Enquirer: 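Pasting a structure here, questions to come.
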Amino acid sequence: LRQVFGPGAERLRLDKRTFTTPTKRTVDINMITSNYHIEMAPGDAGLNDRFVIQDVIKEMASSKNIATVGMYKEKSGANDDDN
């Protein structure tokens, strides 16, 4: 991740998130996050892993633009084709 996103990918945070399933059961999941990725073990939620993943994806899609988190880096400076 560091090669792609730089040193910011190494600034990790440990987050404990609580999710509520459609059956009103609460599930706690530990997540390791940076500004560029999320690591989690949805299997810790047992049979509710699908709801946990869906909720995380919905949250990311509504709050972050892929281009703003550095997925696509723009080139700066002179164009190499000019030589």
Side-chain angles (χ1 to χ4, degrees):
L1 288 174
R2 182 186 172 129
Q3 291 177 346
V4 175
F5 298 111
E10 293 180 345
R11 291 187 207 115
L12 303 176
R13 295 177 302 277
L14 179 61
D15 297 329
K16 185 172 186 176
R17 298 274 312 270
T18 302
F19 298 92
T20 303
T21 66
T23 59
K24 305 298 182 210
R25 180 173 178 247
T26 58
V27 178
D28 293 326
I29 298 289
N30 292 320
M31 299 171 38
I32 298 171
T33 61
S34 76
N35 288 338
Y36 304 100
H37 81 292
I38 295 175
E39 294 178 34
M40 56 189 287
D44 292 346
L47 297 174
N48 296 303
D49 57 349
R50 177 175 62 126
F51 300 111
V52 170
I53 295 296
Q54 286 176 344
D55 196 36
V56 170
I57 291 172
K58 286 177 187 176
E59 180 182 320
M60 290 176 63
S62 67
S63 65
K64 290 185 180 180
N65 183 352
I66 292 174
T68 62
V69 295
M71 182 66 75
Y72 303 102
K73 293 185 178 181
E74 294 183 28
K75 289 169 99 178
S76 60
N79 190 348
D80 292 337
D81 294 338
D82 291 340
N83 296 337

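Small disclaimer: the values here were computed from a predicted structure and weren't measured.
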Enquirer: Within this structure, what is the CD1-CZ distance for the pair Ile38 and Arg17, rounded to the nearest 0.5 Å?
Expert: 7.5 Å
Enquirer: So do the side chains of Glu39 and Asn30 get within less than 4.5 Å of each other, counting heavy atoms only?
Expert: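 Glu39 vs Asn30: side chains apart.
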Enquirer: Name every donor-acceptor pair, under 3.5 Å, that has one atom in a side chain of residues 44-56 and the other anywhere in the protein, sequence neighbours excluded.
Expert:
none

Enquirer: Using links of under 4.5 Å between side-chain heavy atoms of ILVMFWY residues, direct or through other members, which residues join Leu14 in one cluster?
Expert: Leu12, Ile32
Enquirer: Exactly one of Thr18, Thr20, Thr21 should register a side chain to side chain contact (heavy atoms under 4.5 Å, CB included) with Val27. Which one does?
Expert: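 Result for side chain to side chain contact (heavy atoms under 4.5 Å, CB included) with Val27: Thr21.
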